There are 2 protein chains.
Amino acid sequence: MQKETLSKNQKIILDYIEKVNEPIKAYSILHNVQKKGIKAPPQVYRALDKLVEIGKIHKIESKNAFVACKNSNCQISKATAFSICESCEEVSEISDHKLSKYLKTFQEKAGMKFNKYNLEFFGLCKKCSIK
Amino acid sequence: MQKETLSKNQKIILDYIEKVNEPIKAYSILHNVQKKGIKAPPQVYRALDKLVEIGKIHKIESKNAFVACKNSNCQISKATAFSICESCEEVSEISDHKLSKYLKTFQEKAGMKFNKYNLEFFGLCKKCSIK
DNA sequence: TTGTTAATTGTTATAATATAACATTAAATA
DNA sequence: TATTTAATGTTATATTATAACAATTAACAA
C-alpha cells in the first residue's frame with residue numbers, strides 16, 4: 001500500500017508521525033494535528049489502527065506510543081523489534097536479519113501457527129551508559 | 001524473594017493471579033479481591049508493580065494483562081516470551097533455552113547495555129488452527 | 001451515469017487503564 | 001525505642017481507548 005492511497009486523515013497522521021521521528025502518543029498526535037481539522041480521539045485511533053495494519057507505523061506496546069516504520073516502506077510488518085533506553089527513552093527499530101530468521105525458525109518449531117511477533121529490549125543506550 | 005516475605009496485599013493479589021492461571025486485567029483483579037478488603041485501584045497497581053519487579057508475575061503488554069510466572073518461582077524475570085492466540089486469546093509463557101540464549105547473544109552484540117526483554121508472538125494455537 | 005456498497009469521517013459520550021497526592025499504619029532496623 | 005522505610009487506605013483525576021450513530025465520500029457494477 002502506497003502513501004498515495006491513504007485517506008486524508010491517515011495521511012495527515014502518518015506525515016506527522018514521520019516528521020517527529022520518535023515514538024509519540026495518540027493524544028499528543030491529536031493535539032498536534034488539530035490545526036489540520038482532526039478534532040477527536042476516534043479520528044486519531046482509526047488512522048493509527050489502519051497505519052499499524054498496513055505496516056506504516058508500529059505500536060510500542062510498553063509505551064503506548066506509535067513510531068514510523070524504518071525498515072521497508074510498503075510492507076505489512078509482522079516482525080518488529082525495538083530497543084528502548086530506560087534512561088532517555090530513546091527507541092530504535094532493530095532490523096537484524098539473523099534475529100528475524102532465528103525467530104522465524106523458532107515459530108516453525110512451535111505448536112502454533114504464528115503470523116506476527118513483537119520484541120522489545122530494554123536497557124541503556126550508548127549515550128546513557130557513559131553518563 | 002519468597003512468597004512469605006510478600007506484604008498482605010501483594011499476597012492476596014498474587015494468590016488470585018496464580019489461581020486464575022491466565023492473563024487477567026487489573027480491574028478484574030480489583031473486582032475479585034474486594035471481598036478481601038482491597039478497595040481501590042492504587043492498591044492493586046502497587047501490588048502488581050511489586051510483583052512484576054520481583055518476577056512473580058509478568059505483564060502482557062499487548063493486552064494490559066498480568067499472568068503468573070511459570071518459569072522459576074523466585075527470580076527477577078528479565079527475559080520473557082509469550083505466545084498469544086489471536087482467536088481464543090490463550091497466552092502461554094515460552095521458556096525456550098535456545099531462544100533466550102540467542103537473544104542474550106544478540107544483546108551483547110548490540111550497542112546497548114540491555115537488562116530486559118519481552119517478546120510476544122501472535123498467531124493461532126493448535127486448537128484454533130484446526131477449527 | 002446512476003444506484004449500491006464499502007470506506008471514511010465527524011461527533012458526543014463514555015469505558016478502561018493507570019497514577020498523583022496525601023494521610024495513616026505497620027515493619028524493619030540502627 | 002527512635003527512626004526511617006515500606007506498605008496501606010483513600011479521594012480524585014489523568015491517560016488511553018472505544019462505542020455508537022449520523023453524515024459524507026469513494027469505489028465500482030449495472
Side-chain angles (χ1 to χ4, degrees), chain A residues 1-17 20 22-54 56-67 76 84 86 89 91 118 120, chain B residues 1-17 20 22-54 56-67 76 84 86 89 91 118 120:
Chain A
M1 191 171 186
Q2 300 306 315
K3 203 163 179 177
E4 297 80 48
T5 73
L6 295 175
S7 75
K8 189 180 116 242
N9 288 0
Q10 289 160 11
K11 234 174 289 178
I12 290 169
I13 286 172
L14 177 56
D15 283 348
Y16 181 68
I17 295 173
V20 299
E22 64 181 23
I24 185 161
K25 284 163 177 277
Y27 275 74
S28 171
I29 293 168
L30 174 58
H31 184 78
N32 281 284
V33 297
Q34 279 183 334
K35 53 198 150 216
K36 303 245 176 190
I38 291 174
K39 290 173 190 156
Q43 297 175 295
V44 174
Y45 281 102
R46 280 180 201 137
L48 290 174
D49 285 351
K50 190 74 185 185
L51 293 168
V52 166
E53 190 192 320
I54 64 176
K56 287 291 186 184
I57 64 173
H58 305 302
K59 181 172 186 183
I60 312 293
E61 294 285 357
S62 61
K63 295 195 161 305
N64 298 316
F66 300 84
V67 68
I76 295 169
I84 301 167
E86 287 172 316
E89 307 275 296
V91 173
N118 179 54
E120 297 181 9
Chain B
M1 190 172 188
Q2 300 308 314
K3 203 162 179 177
E4 296 80 49
T5 74
L6 295 176
S7 75
K8 188 180 116 244
N9 288 1
Q10 288 159 13
K11 233 174 292 178
I12 290 169
I13 286 172
L14 177 57
D15 283 348
Y16 181 68
I17 295 174
V20 299
E22 64 181 20
I24 185 163
K25 284 163 176 276
Y27 275 73
S28 169
I29 293 169
L30 174 58
H31 184 78
N32 281 282
V33 296
Q34 279 183 333
K35 52 196 154 218
K36 302 245 175 192
I38 291 174
K39 290 173 191 155
Q43 297 174 294
V44 173
Y45 280 102
R46 279 179 201 137
L48 289 174
D49 285 351
K50 191 74 184 183
L51 293 169
V52 166
E53 190 190 321
I54 65 177
K56 287 291 186 185
I57 64 172
H58 304 303
K59 182 172 187 184
I60 312 293
E61 293 286 357
S62 61
K63 294 192 162 307
N64 298 316
F66 300 85
V67 68
I76 296 170
I84 301 166
E86 287 172 318
E89 306 276 297
V91 174
N118 179 56
E120 298 180 11

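Naming convention: chains lettered A, B, ... in sequence-line order (proteins, then strands); numbering from 1 in each chain. For clarity, every value in this text was computed on a predicted model and none was experimentally measured.
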Next item on the list: Kindly determine whether I17(A) and L48(A) satisfy side-chain contact (heavy atoms from CB on, under 4.5 Å), including the steps that lead there.
Entry: CA-CA 10 Å; I17(A) 295 173; L48(A) 290 174; 3.7 Å; yes

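Taking atom OH of Y27(B) as the reference point, atom C1' of dT18(D) lies 16 Å away to the nearest angstrom. In this structure, Q10(A) atom CD and dG10(C) atom P are separated by 12 Å, rounded to whole Å. In this structure, CG of L48(A) is placed 15 Å from C1' of dT8(C), rounded to the nearest angstrom. We find that CG of D49(A) is positioned 14 Å from C1' of dA7(C), with the value rounded to whole Å. Atom NZ in K50(A) sits about 13 Å away from atom C1' in dA26(D), given to the nearest Å. Atom NZ in K59(B) sits about 11 Å away from atom P in dT16(D), given to the nearest Å. At whole-Å resolution of the value, CG in N9(B) and C1' in dT25(C) are 12 Å apart. Between the P atom of dA16(C) and the CZ atom of F66(B) lies a distance of 16 Å, rounded to the nearest Å.
Of the possible polar contacts, one joining the E120(B) side chain to the E61(B) backbone as a donor-acceptor pair under 3.5 Å is found. For the pair K36(A) (side chain) and N9(A) (backbone), a donor-acceptor distance under 3.5 Å is absent.
Applying the 4.0 Å criterion to OP1 and OP2 of dA18(C), one finds that N64(B) has a side-chain N or O inside that range. One finds no side-chain N or O of K25(B) lying less than 4.0 angstrom from the OP1 or OP2 phosphate oxygen of dT16(D). Here S7(B) does not reach the OP1 or OP2 of dA6(D): none of its side-chain N or O atoms lies under 4.0 Å away.
Taking NZ from K11(B) and CG from L51(B), the interatomic distance works out to 11.5 Å, rounded to the nearest 0.5 Å. To the nearest 0.5 angstrom, K25(B) atom NZ is 7.5 Å from K63(B) atom NZ.
At least one side-chain heavy atom of S62(A) sits under 4.5 Å from a side-chain heavy atom of I84(A). Using a 4.5 Å heavy-atom cutoff, the side chains of K39(B) and L30(B) are not in contact. Annotation: side chain of V20(A) is not in contact with side chain of N32(A) (no heavy-atom distance under 4.5 Å).
None of V44(B), L14(B), I13(B), V52(B) except one satisfies the side chain to side chain contact (heavy atoms under 4.5 Å, CB included) rule with F66(B); the exception is V52(B).
The side chain of K8(B) lies closest to dG9(D) when the candidates are dT16(D), dT8(C), dG9(D).
Where DNA chain D pairs in unbroken runs of 3 or more (Watson-Crick or G-U, both distances under 3.5 Å), the stems are C:1-30 with D:1-30.
In the region residues 28-47 of chain A, proximity to DNA chain C at under 4.0 angstrom, judged on heavy atoms, holds for K39(A), A40(A), P42(A), Q43(A), R46(A).
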